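Below: the structure, in structure tokens.
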Amino acid sequence: MKKILYILLIGLFSSCDSLLDVEPETLVSFDNFYKSEQDLEVTLYQLHSFINGRLMDQHVQEEAGLIMEPNTTRNNIWSPSSIVGSPAVGSIQTDWMQIYWVVYMANVLLDNVYKAEAQVTPERIAYYKAQAYFGKAIGYFFLARRWGEVTITRNSSSSEVYGKKPLLEVLDTVLANATRAYHELPVYGAVVDRSGAVIKSKQFGSKGAACALLAHAYAWKGSMIDLMELDGNSRECYDKSIEYSSLLIKGDAGAYSLVRNPEKLCQLFSDITKENPESIWEFTLDMQRDFISSTYLVGRQLIGYPVDPAVSESDQKNADSKISYKTIKQLYDTLDLRTAYFYKYDYYSCDTLRLQGIKDEALRQHAVDSIRKRINEITGGYAYPFKWREAITEVDANIPWISKLVAVKSNYSYWRLADIYLLRAECFAKIGENGLAEADLNEIREYNNVNAYPDSGGDEKGLKYAIFHERERELLMEGQRFFDIVRNGMEYINAYLPSDFQKLTRQDVKNGAIFFPICTNAFELNNLLRQNIYWAQYMN
């Protein structure tokens, strides 16, 4: 009977039926289910199945922040004429149901964990509660950054409908749950399953993962107070972000360390059998699934030759998503080691093209020019991203002689230690601690072979921009840039996002323009919901 219940849990919770937008009722009776630790573990694994498969379903914000060459589709990515009135336009998804499944499963675990107290030790009960708090915090954090004002559900069984809560209240819900998780979770390496075996997946909650979430959530809250002119103390938020970032950097929340070599970092990104000491929280690639996808890896769309066997070196210039050598040269100093993020950068960019053995200078230059022209004809001036290098391919049944890329064999490191250093630098700069901000910034620059601030080129715009620019370079293609831009305020939103964002005013942003509109389905059975002010003006 219990095996049947496990199957029911997985089958029912994997369905596409909405909870909040239909009737948020418990889907199955748990009265006779939670009697052992195995029952708790099944629910925890289902929660992580949802974190893995559903949190990144809507990543148009991350895509909008990618550095790549502009195209018509991307420039209109936030256009009211494209997004309003439909739950999906191209890659744009405005239905929040998938993320609420994460919140729901966290609540299921919290609401039922007490039933197993007679058979499970208090320490393990506390562990499952902490994992649920972490999952709930992650769910609401993604909801807050995507939609701003959202509903906060009371538990997993209530059938009531919910109105929206103010953004700061949603973020306080994130912080409250993440704080509980931080205090109760062990460090990575001490997170174990019910048999005592170490859980190697960094997707599961750990003290370090909760600490990174708190650092980012406080930084986001402070930035929202400043950007949207909300009633709150942004300085206190930046101080708290610095506090939690410092715990990670000092090693008090787990043993994390900078890789300090971009080539080695790319190798670690591309080998799921090795632990990346810099990675704090990540989406774990599940090679056991029948359908393997890395759509959650935001940079996946930029990957072609040589990772994708179906793409030749001359095909890259025709890709929808691409980045040019001109853009890269504007982004990185000539000797920056992070050109390792691109395949054979020196050769294909023609930066160090030299010929030996031709004594005549004119003949040698002519030969160099001819080779450079040939390389440019092949590449079209576009680079080959190589941050993630191992392909998962499948054969097309209709074209059996061609293998196509279906995923990249990589865990998606969502938060890593270099990110935390630069996040702390950003917060230090915001509170006027410029010396400390420069120290964190230069910690990252030093091992990447970039001159220390303020002696490096391109930093004429000041320390705040230098930190933002360093995050662009360090975290290129990793999906953080949209949120970095928004945290830095209106000047950055109007300058560094696609064209429709550049038209926004501060009042537009205060009215909710940087967030998704609520999907129209959500209003059908929930008459308490209201569209945010910005998007409501475009509704019929």
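Being a predicted model, the structure only gives us computed values, none of them experimental. If you read the sequence from its start, that first residue is 1, and numbering goes on from there.
- Using the six-membered ring where Trp is involved, Tyr492 and Tyr496 have ring planes that are tilted, between 30° and 60° apart.
- Among the candidates Ser245, Ser241, Ser246, the single residue satisfying the side-chain hydrogen bond (donor to acceptor under 3.5 Å, both in side chains) test with Arg424 is Ser246.
- A 6.0 Å sphere centred on CG of Asp252 holds more than 12 heavy atoms belonging to other residues, nucleotides or ligands.
- The local environment of NZ in Lys510 is crowded, with over 12 non-hydrogen atoms from other residues, nucleotides or ligands closer than 6.0 Å.
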Should Val486 and Trp220 be marked as a side-chain contact (heavy atoms from CB on, under 4.5 Å) after you check the CA-CA gap, both sets of side-chain angles, and the distance that decides it?
CA-CA 9 Å; Val486 172; Trp220 187 256; 3.6 Å; yes

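- Each salt bridge (charged side-chain N to carboxylate O under 4.0 Å, His left out) pair with one or both residues in residues 127-143, not counting sequence neighbours, would appear here, but there are none.
- Judged by distance alone, the side chains of Tyr128 and Glu37 do bring a donor and an acceptor atom under 3.5 Å apart.
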Show your reasoning for whether ring pair (Phe, Tyr, Trp, His ring centres under 6.0 Å) applies to Phe142 and Tyr414.
CA-CA 12 Å; Phe142 274 69; Tyr414 196 77; 5.7 Å; yes

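- For the pairing with Phe516, the ring-ring contact (aromatic ring centres under 6.0 Å, His included) check across Trp535, Trp78, Tyr534 returns one residue only, Trp78.
- Proximity of a side-chain donor or acceptor of Ser410 to a complementary backbone N or O of Phe269 within less than 3.5 Å is detected.
- Trp281 meets the side-chain hydrogen bond (donor to acceptor under 3.5 Å, both in side chains) test with no other residue; sequence neighbours excluded.
- Judged purely by atom type and a 3.5 angstrom limit, Gln480 has no side-chain atom pairing as donor or acceptor with the backbone of Leu475.
- Classification of Glu282 and Lys202 as a salt-bridged pair fails, no side-chain N sitting under 4.0 Å from a carboxylate O.
- Asn411 and Thr284 are not linked by any side-chain donor-acceptor pair at a separation below 3.5 angstrom, with hydrogens and angles left out of the test.
- Here Glu184 pairs with nothing under the side-chain hydrogen bond (donor to acceptor under 3.5 Å, both in side chains) rule; sequence neighbours left out.
- With hydrogens and angles ignored, the 3.5 Å screen pairs no side-chain donor or acceptor of Tyr140 with any backbone N or O of Asn177.
- A cation-pi contact, defined as under 6.0 Å to the ring centre and within 45° of the axis, is absent between Arg471 and Phe468.
- Between Glu390 and Lys409, none of the side-chain N atoms (NZ, or NE/NH1/NH2) sits under 4.0 Å from a carboxylate O, so this pair counts as no salt bridge.
- Around atom CD of Glu491, no more than 12 heavy atoms belonging to other residues, nucleotides or ligands sit under 6.0 Å away.
- For Arg146 (side chain) and Gln58 (main-chain N/O), a donor-acceptor pair under 3.5 Å exists by modelled atom type.
- In terms of modelled atom types and a separation under 3.5 Å, the side chain of Ser158 and the main chain of Glu160 share a donor-acceptor contact.
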